[in-house]
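Worksheet: the structure to be examined is printed underneath.
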Amino acid sequence: MTDPGLPGRLRAAVGEAGLVTDPARMGGYLSDWRNAYSGTAAAVVRPVSTDEVAAIVRACRKEGVAVVPQGGNTGLCGGAVPDTSGRQVVLSLDRMRRLRAVDPVNQTITVEAGVVLQAVQEAAAAEGCLFPLSLGSEGSCTIGGNLSTNAGGTGVLRYGTMRDLTLGLEVVLPDGRIWNGLRGLRKDNTGYDLKHLFIGAEGTLGLVTAAVLKLFPAVRSRATAWVAVGSAQAAVDLFGIVRALCGDRLTAFEIMSRQSVDFVLRHGTGARDLFGSVHFWYVLVELSDTLPDARLDGLLEAALAEAFDRDVAGDAVVASGSAQVAALWALREGISEAQNFEGPSLKHDVTVPISSIPAFVERTDKALRAALPGIRIVTYGHIGDGNLHYNLSKPVDSDDDTFRNLAEELARMVYDATSSFGGSISAEHGLGQSKRDVIADYKDGLELELMRSLKHLLDPRGLMNPGKVLPAW
Ligand code: FAD
Ligand code: 2HG
Ligand code: ZN
């Protein structure tokens, strides 16, 4: 019998309908949405079941070919993009979109990895429940990608990251075996909790095919405010005031620099400035409650009154009606896309202790402005989690290449500052290929050694998303 080779083995695993080798049809799977990373591939495979995923992994293993898992391809670090060898296989979960089960009594939902986040939110709402993970990319990103990057977003303050929202996983291991860990248990102390190995692993330890996720009671009242503040310190002070007064009802606390808001005002459809004068910083605060009439507007106004008394807030508006709430969120969620229109950008997704944010911003802004006069610093993000998207755009009058050539030096400055405040160089987007090498300088050597040992144990032949997360060794 003749050897079927890679195409034959993949065809046997997924059938004609699940195999893409036509370069024109593969295109969308080979670069990220910003076009910051691109590669080539031997094939794109689109399985419809866990058994098909396992068959693909076994076929690739037989041929010594690497597998690159891909969900919605909204990741920001090049983790889902193949290399340029043309030998890797992209395994897209975009046909694994079944909601397997909802259990409103156990408050769980079991879904396949390719289900889009928004579909999970909607399925939860249909049962009178809430699935609280919320990201600007929720209309495209998938549960498998959310798990593999341990996604954060705007609800972490109250509900935690994807890791906190997960009870069980089903995973195809690099040798093609299927681990069924789809337990919907809130307590299970039978040894090592293996699901946490795969959450945040960016596809380097196995392929997540399904998950049991936690649901919460639906939110029935909400209050949202847009507040102008004069400094990052004032934003941190405002956070302290709102948290002390509103406790667990505080659901989101997001910061935006004026530069970030300017980009949305320039490029976002229908975006408009809310105050008569320009402020250095803005904060979006949201409270929520399960009670239908929790009088949250009054509570938020009381917190803001205290902030005005203490000279912490410069101006504020509490949204009235859902259209205004949506407009405030559009100003916040539009930043990522708007920054793309302003030429090449450098994304730094850092966390420091919340108390250190003002000093971090002041010191790092100053150093960057000295290194590259005119640089546009686009600082925004989940300040209530200590997480800033400390992004940079090129000076208006500089050319793209000059800025790109400085990328490494500028990133080093940001990461050194982050590290000096005891922070992390990736709060939510992961390492992918963008921070794979630089992490060696910022993570403890013993931690890296343990990570490598785990990788070697599970994937000794290095076929599961190689070139991502771990520095070469
Ligand atoms: P992909 O981009 O397809 O993949 C991401 C990584 O996971 C890759 O390494 C890939 O190989 C791996 N992977 C994907 N599926 C699987 C699987 N089934 N099994 C194993 N590995 C897999 N992120 C946040 O955390 N918070 C935010 O607030 C946020 N906002 C965003 C806003 C915008 C506008 C955009 C474009 C992105 C944002 N992101 C945010 C980043 C991104 O959306 C998240 O990282 C998301 O979780 C990725 O999901 P995805 O399905 O697109 O994954
Ligand atoms: C956000 O919070 C995302 O908007 C995207 O994490 C951040 O594009 C970015 O840098
Ligand atoms: Zn974010």
Side-chain angles (χ1 to χ4, degrees), residues 50 71 93 96-135 138 141-173 178-202 205-220 243 246-252 287-291 294 382 384-385 387 427-428 454 458:
T50 303
L93 281 300
M96 286 190 59
R97 295 212 158 150
R98 272 190 321 133
L99 298 170
R100 290 194 189 166
V102 187
D103 183 343
V105 177
N106 197 41
Q107 293 268 278
T108 50
I109 185 166
T110 306
V111 300
E112 291 186 343
V115 177
V116 168
L117 171 55
Q118 195 174 323
V120 178
Q121 296 165 342
E122 286 166 4
E127 297 290 334
C129 298
L130 171 77
F131 182 64
L133 190 77
S134 179
L135 318 179
E138 63 199 22
C141 64
T142 63
I143 291 302
N146 300 152
L147 285 159
S148 302
T149 58
N150 184 27
T154 53
V156 171
L157 193 55
R158 166 91 161 265
Y159 298 100
T161 64
M162 196 59 178
R163 195 181 288 286
D164 303 303
L165 302 175
T166 306
L167 293 177
L169 288 187
E170 178 187 82
V171 179
V172 172
L173 301 174
I178 299 169
W179 171 51
N180 184 343
L182 287 177
R183 290 182 286 270
L185 305 176
R186 283 177 168 74
K187 289 185 154 184
D188 177 7
N189 279 349
T190 52
Y192 308 139
D193 196 340
L194 296 177
K195 65 177 178 287
H196 289 301
L197 269 184
F198 301 98
I199 301 173
E202 300 180 56
L205 299 180
L207 268 141
V208 177
T209 47
V212 185
L213 306 173
K214 284 186 200 169
L215 298 179
F216 294 80
V219 159
R220 292 194 179 78
R243 187 180 46 187
C246 308
D248 266 0
R249 289 172 175 132
L250 177 56
T251 317
L287 309 183
S288 67
D289 202 302
T290 52
L291 288 172
H382 322 288
D385 308 321
N387 173 193
E428 54 176 23
L454 287 168
L458 285 164

* Structure fact -> Shortest non-hydrogen pair, Pro104 vs Gln107, comes out as O-NE2, 3.1 Å
* To the nearest 0.5 Å, what is the distance between OG (Ser134) and CD (Gln118)? -> 9.5 Å
* **Atom of Leu147, atom of Ala211 and distance for their closest heavy-atom approach** => CD1-CB, 3.6 Å
* **Expected output: side-chain Glu127 to main-chain Ala124 donor-acceptor under 3.5 Å** => no
* Quick check: are there more than 12 heavy atoms from other residues, nucleotides or ligands sitting under 6.0 Å from CG of Asp248? -> no
* To the nearest 0.5 Å, what is the distance between CD (Glu428) and CG (Asn387)? -> 4.5 Å
* **Under the salt bridge (charged side-chain N to carboxylate O under 4.0 Å, His left out) test, residues paired with Arg163 that sit two or more places apart** => none
* Asked: Do Leu157 and Asp385 come close enough that some side-chain heavy atom pair is under 4.5 Å?
  -> yes
* Asked: Ser288 and Arg158: which non-hydrogen atoms are nearest, and at how many Å?
  -> OG-NH1, 3.2 Å
* Asked: Taking all atoms of both residues into account, what is the closest heavy-atom pair of Gly114 and Thr142, and its distance?
  -> O-CG2, 3.6 Å
* Asked: For Trp179 and Leu169, what are the C-alpha separation, side-chain angles and deciding distance, and is it a side-chain contact (heavy atoms from CB on, under 4.5 Å)?
  -> CA-CA 8 Å; Trp179 171 51; Leu169 288 187; 4.2 Å; yes
* Structure fact -> Heavy-atom closest pair (Glu138 atom, Val116 atom, distance to 0.1 Å) is O-CG1, 3.3 Å
* Looking at residues at least two apart in the chain, or sitting in another chain, which of them share a salt bridge (charged side-chain N to carboxylate O under 4.0 Å, His left out) with Asp164? -> none
* Of the non-hydrogen atoms in Phe131 and Lys214, which two are nearest, and what is the gap between them? -> CD1-O, 3.3 Å
* Can you check whether Val212's main-chain N or O pairs, donor with acceptor, with Arg183's side chain at less than 3.5 Å? -> no
* salt bridge (charged side-chain N to carboxylate O under 4.0 Å, His left out) partners of Asp289, counting only residues at least two apart -> Arg249
* To do: Give the C-alpha distance, both sets of side-chain angles, the deciding distance and a yes or no for side-chain contact (heavy atoms from CB on, under 4.5 Å) between Ile143 and Leu117.
  => CA-CA 6 Å; Ile143 291 302; Leu117 171 55; 4.2 Å; yes
* **Asn146 vs Leu135 side-chain heavy atoms within contact, under 4.5 Å** => yes
* **CG on Leu167 to CD1 on Ile109, rounded to 0.5 Å** => 12.5 Å
* Asked: Would Glu170 and Thr50 count as a side-chain contact (heavy atoms from CB on, under 4.5 Å) if you check the C-alpha gap in whole Å, the side-chain angles of each, and the deciding distance to 0.1 Å?
  -> CA-CA 9 Å; Glu170 178 187 82; Thr50 303; 2.6 Å; yes
* Asked: Sub-3.5 Å donor-acceptor pair from the side chain of Glu112 to the main-chain atoms of Arg98, do we have one?
  -> yes
* To do: In sequence, state the C-alpha distance, the side-chain angles, and the governing distance for Leu197 and Val171, and then conclude on side-chain contact (heavy atoms from CB on, under 4.5 Å).
  => CA-CA 11 Å; Leu197 269 184; Val171 179; over 6 Å; no
* Asked: How about Thr108 and Arg186: do any of their side-chain heavy atoms sit closer than 4.5 Å?
  -> yes
* Roughly how far, to the nearest 0.5 Å, is the OG1 atom of Thr209 from the CG atom of Leu93? -> 8.0 Å
* Measure the shortest side-chain to side-chain distance between Leu291 and Arg220 over non-hydrogen atoms and say whether it is less than 4.5 angstrom. => no
* Asked: Hey, what do you get for CG (Leu130) to CG (Leu215), rounding to the nearest 0.5 Å?
  -> 8.0 Å
* What's the spacing between Leu173 CG and Ile178 CD1 if we round to 0.5 Å? -> 9.0 Å
